[in-house]
Chemist: 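For reference, the structure I am asking about is given below.
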2 protein chains.
Amino acid sequence: MANGEAASAARTKYQQIVDDLAAQIHSGALPAGGAVPSESELMERYRVASGTVRKAVSELRAIQLIETHHGRGSFVRARPPVQRKSSDRFRRAHRLAGKAAYLAEAEESGGTPAVQVLFVGPVDAPAEIARRLGVAAGVKVLARKRRYFRDGTPTEEATSYLLWDVVKDIPAVFAENPGGGGIYARLEEHGHLLAEFAETVRARLATKPEAVALALSPGAAVLHLVREAVTDDGRVVEVCDTVMAADQFVLDYRFPARD
Amino acid sequence: MANGEAASAARTKYQQIVDDLAAQIHSGALPAGGAVPSESELMERYRVASGTVRKAVSELRAIQLIETHHGRGSFVRARPPVQRKSSDRFRRAHRLAGKAAYLAEAEESGGTPAVQVLFVGPVDAPAEIARRLGVAAGVKVLARKRRYFRDGTPTEEATSYLLWDVVKDIPAVFAENPGGGGIYARLEEHGHLLAEFAETVRARLATKPEAVALALSPGAAVLHLVREAVTDDGRVVEVCDTVMAADQFVLDYRFPARD
DNA sequence: TAGTGGTCTAGACCACTCC
DNA sequence: GAGTGGTCTAGACCACTAG
C-alpha cells in the first residue's frame, strides 16, 4: 500500500469507502433520494483509482443503499413501503367484484399500480410448464406476459400459460385487457370453476435480464413464484410464472393447523 | 469490438464469457463440483485482461453457478436437491404421529437432518415479536433458538418465541428436546389447541452474521419467514422467526380459490 | 457539449492454499 | 515455491443524460 497508514484495521480501501459512505447515509449527511458524489469526485476525495471507487459503489448498490443511473449519477435509495401479497388475493369475491388480483393488492398498499402487457399469443410450452399443465413439452399453449409497476417503477414480471383447449373459445383472454376480474373471472364464466391454487416460492439472485427488466442492480434478490390454478375437476388450467423484486414484497399465507 | 463478429447481440465481453461458461455448466461440459479454469487461463482463452475475467467470474458467483475459494480456485456449484417446505408440514396428524415439522419435511427430501439447540430461556420480547404476540415490548417470553442442518451443512436458523404464561407450566418446552411432535404437540396436550398458522415470507440478501451462521457466501439470498401459531380462541401463542439459505428451499402453499 | 457511469486494458502486489 | 483468487493502479474509450 502506498501510504504509511497504521493499517491495523486490516480493512481494504474499498471497504473503508463503503463504510464511510454507508455511515453518511445512515446519519443523514447523505439524505435519502439525494445524489451521491460522482465517481471522479470520490476518486479525488479518497485518493484512489477509478476501479477502487467503482468497487465500493458496486458494493453499496449490492446492499441496496444506493441506486446508480448510467449518465445521471448515484442516488441514496429511498426505500418504498413493501407490498403485501396475501394468499386471499385470489378470492372469488374479488373476481366477482370485478377486481383483478393485482388491483386487490395495490388498494391496500397505497401505491399507484400499472400493468404493461408485453406479449399475448401462442408459444410452445416450456418443459417445466408443460409438466405442471399435464401436457407434453412443446405443446401449444397461450402465454400472457406482463410487467407490473408501482408508482412508475417495475416490481414484477409474470407470464401466465393457459391450456389452449380451455381458452381457444374465450376471446377475452386473447385481449390485452381481459376485463374485470381478470382471466380467472373469464375462465369461471366459461365453466372452469377454480377450486384451489398451489404456489411454490423460491428466492434467488436476479439474473442479468431480470435485473434489467425490474431495474435492479445485478445481485439483488428476487422472489420466484410458480402458481397453478386448479379447477373443480382437478385439472391445472393455468400456470403463472412470476419474478418479483424481493425488496418490494412480503408474501402472506395462512393455513389451518388441523387435518 | 475487436473481432469481426456479427455483433448484432451488442453484448459486452464479460457477458459473453458469462454466457459461454454458463452454457458449459448447464451442458455438463463443466461438471458440477469440478474446477472452473483459473482466471489466468480464462484470460488466455478469451484474450481479455484480468479485470474482464474477474467481472465475469464475479457475475457467475452472483448467479450462484460457481463458488470461488481464495487460493484454491473456482468450482461449479453442486446444487444439492432443494428441500420442500409445504404448508401442510404442521398438520396435526404429523404431530400425533410423533414427528416434528422439520422431520416430516426431511423424510421426503432425502437428506440426513440434524438440529442444534443454540439457546433456550427467557428473553425480553423484541418489538416486532411482542406486537405479534399481543404483549408489550420487553415482556418476558420464552425463546428457543436452534440451527438446522442437512447432510452436515447448515440450512436454516429459527427462533421461537412463546408466551410465558402459556409455557411456564409445560416443562418439556424448556428442554433441549421437547419430545415427539415438537413444542406444538406439547402445547396441544396442555389445552392450547392450534387453529391456524399465519406465515409471512420475505427474501433479501444475507447479513454478515447470517452468512456466517449458514455458511453462505456474502451476498447470497435468504428467505425470511415469520410464522404465528394461532389457537382456537384466536390467541397467538408462538411466533417463529426463521432465516433460511434460499438455495436450499422451495416453499409450497395451497389455498382455496373459493370464499 | 460537459459530465456521468460502464467497460476494458496491462500490468503490480498481496493473501491464501497446497505440495 | 508455484499457483490461485483479491485488491489496486492509471489510464483509455464508450454510452447515456442533461443543459
Side-chain angles (χ1 to χ4, degrees), chain A residues 1-21 30 34-62 65-77 208-209 211-212 215-220, chain B residues 1-3 5 7-21 30 34-62 65-77 211 217-219:
Chain A
M1 218 128 295
N3 63 21
E5 216 187 316
S8 62
R11 271 255 213 34
T12 61
K13 281 194 189 176
Y14 86 86
Q15 254 306 334
Q16 290 174 35
I17 299 174
V18 168
D19 291 347
D20 192 35
L21 292 175
L30 287 174
V36 175
S38 77
E39 297 187 354
S40 47
E41 187 176 339
L42 292 174
M43 286 169 66
E44 275 185 15
R45 180 177 308 180
Y46 293 104
R47 308 311 219 94
V48 294
S50 65
T52 308
V53 160
R54 286 193 58 75
K55 176 127 201 209
V57 165
S58 142
E59 186 83 5
L60 286 163
R61 188 179 41 215
L65 280 178
I66 67 173
E67 47 189 37
T68 62
H69 299 278
H70 193 171
R72 279 206 296 145
S74 294
F75 302 87
V76 178
R77 247 183 115 134
K208 189 71 185 283
V212 171
L216 301 172
S217 40
Chain B
M1 218 126 290
N3 62 21
E5 216 187 314
S8 61
R11 274 257 209 30
T12 61
K13 281 194 190 177
Y14 86 87
Q15 252 308 329
Q16 291 174 34
I17 299 175
V18 168
D19 291 346
D20 191 35
L21 292 175
L30 285 175
V36 174
S38 76
E39 296 186 356
S40 47
E41 188 175 340
L42 292 175
M43 286 169 65
E44 276 185 14
R45 179 176 308 180
Y46 294 102
R47 308 310 220 96
V48 293
S50 65
T52 307
V53 160
R54 286 194 58 75
K55 178 129 202 208
V57 165
S58 144
E59 186 81 5
L60 286 163
R61 187 180 39 217
L65 280 178
I66 67 172
E67 45 189 40
T68 61
H69 298 278
H70 193 172
R72 277 208 295 146
S74 295
F75 302 87
V76 178
R77 261 185 97 131
S217 40

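Keep in mind that the numbers below use all heavy atoms, side chains included, and drop hydrogens, waters and symmetry copies. Chain letters run A, B, ... following the sequence lines, proteins first and then strands; every chain starts at 1. If you're wondering where the values come from, they're calculated on a predicted model, not measured in any experiment.
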Chemist: Is T52(A) close enough to dT9(D) that one of its side-chain N or O atoms is under 4.0 Å from OP1 or OP2 there?
Modeler: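 T52(A) to dT9(D) OP1/OP2: side-chain N or O found under 4.0 Å.
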Chemist: May I have the distance from E39(B) (atom CD) to dG5(D) (atom C1'), rounded to whole angstrom?
Modeler: 5 Å
Chemist: Assign a letter to each nucleotide of nucleotides 10-15 of chain D from its 5' end: B, base within under 4.0 Å of a protein heavy atom; S, sugar-phosphate only; -, no contact.
Modeler: BB---B
Chemist: How many whole angstroms separate atom CZ of F75(B) from atom P of dT17(C)?
Modeler: 12 Å
Chemist: Just how far is it from atom CZ of R47(B) to atom CE of M43(B), taken to the nearest 0.5 Å?
Modeler: 11.0 Å
Chemist: About how many Å separate CG of L42(B) and CG of L21(B), when rounded to the nearest 0.5 Å?
Modeler: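 Rounded to the nearest 0.5 Å, the CG-CG separation comes to 6.0 Å.
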Chemist: Can you name the side chain to side chain donor-acceptor pair (under 3.5 Å) partners of Y46(A), sequence neighbours left out?
Modeler: D20(A)
Chemist: Can you name the side chain to side chain contact (heavy atoms under 4.5 Å, CB included) partners of H70(B), sequence neighbours left out?
Modeler: none
Chemist: Should R72(A) be listed as having a side-chain N or O under 4.0 Å from OP1 or OP2 of dC16(D)?
Modeler: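 R72(A) to dC16(D) OP1/OP2: no side-chain N or O under 4.0 Å.
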Chemist: Just the rounded figure in Å: distance from C1' of dT4(D) to CD1 of I66(B).
Modeler: 13 Å
Chemist: Over how many whole Å does the gap from R54(A) atom CZ to dT7(D) atom P extend?
Modeler: 16 Å
Chemist: Map every base of DNA chain D to its dot-bracket character, where paired means a Watson-Crick or G-U wobble contact with both distances under 3.5 Å and | marks a partner outside the strand.
Modeler: ||||||||||||||||||.
Chemist: Under the side chain to side chain contact (heavy atoms under 4.5 Å, CB included) test, which residues partner T68(A), sequence neighbours left out?
Modeler: V57(A), R61(A), I66(A), S74(A)
Chemist: Within the structure, does a side-chain N or O atom of S40(B) lie under 4.0 Å from either OP1 or OP2 of dT4(D)?
Modeler: yes
Chemist: Starting at atom NZ of K55(B), determine the distance to atom P of dG6(D), rounded to an integer number of angstrom.
Modeler: 16 Å
Chemist: For S50(B), enumerate each residue passing the side chain to side chain donor-acceptor pair (under 3.5 Å) test, keeping only those at least two apart in sequence or located in another chain.
Modeler: none
Chemist: For dT4(C), does either OP1 or OP2 sit under 4.0 Å from a side-chain N or O belonging to S38(A)?
Modeler: yes
Chemist: Could you tell me the separation between the NE2 atom of H69(A) and the P atom of dG6(C), rounded to a whole number of Å?
Modeler: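 Going from NE2 in H69(A) over to P in dG6(C) covers 10 Å.
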Chemist: Counting heavy atoms from C-beta on, name the nucleotide in dC8(C), dC8(D), dG5(D) closest to the side chain of Y14(B).
Modeler: dC8(C)
Chemist: What integer distance in Å separates E67(B):CD from dC16(C):C1'?
Modeler: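 So the CD-C1' distance, E67(B) to dC16(C), works out to 17 Å.
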Chemist: Give a yes/no on whether any side-chain N or O of T68(A) is located under 4.0 angstrom from OP1 or OP2 of dG6(C).
Modeler: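 For T68(A), the contact criterion (side-chain N or O under 4.0 Å from OP1 or OP2 of dG6(C)) is met.
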Chemist: Run the salt bridge (Lys or Arg N to Asp or Glu O under 4.0 Å) test against R45(A) and tell me which residues pass, sequence neighbours left out.
Modeler: E41(A)
Chemist: Can you name the closest pair of heavy atoms from Y14(A) and A56(A) and give their distance?
Modeler: O-CB, 3.6 Å
Chemist: Mind calculating the distance between CD (Q16(B)) and C1' (dT7(C)) to the nearest angstrom?
Modeler: 12 Å
Chemist: Kindly state each residue pair satisfying salt bridge (charged side-chain N to carboxylate O under 4.0 Å, His left out) with at least one member in residues 48-60 of chain A, sequence neighbours excluded.
Modeler: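 Checked against salt bridge (charged side-chain N to carboxylate O under 4.0 Å, His left out) - neighbours excluded - the pairs reaching residues 48-60 of chain A are E39(A)-R54(A).
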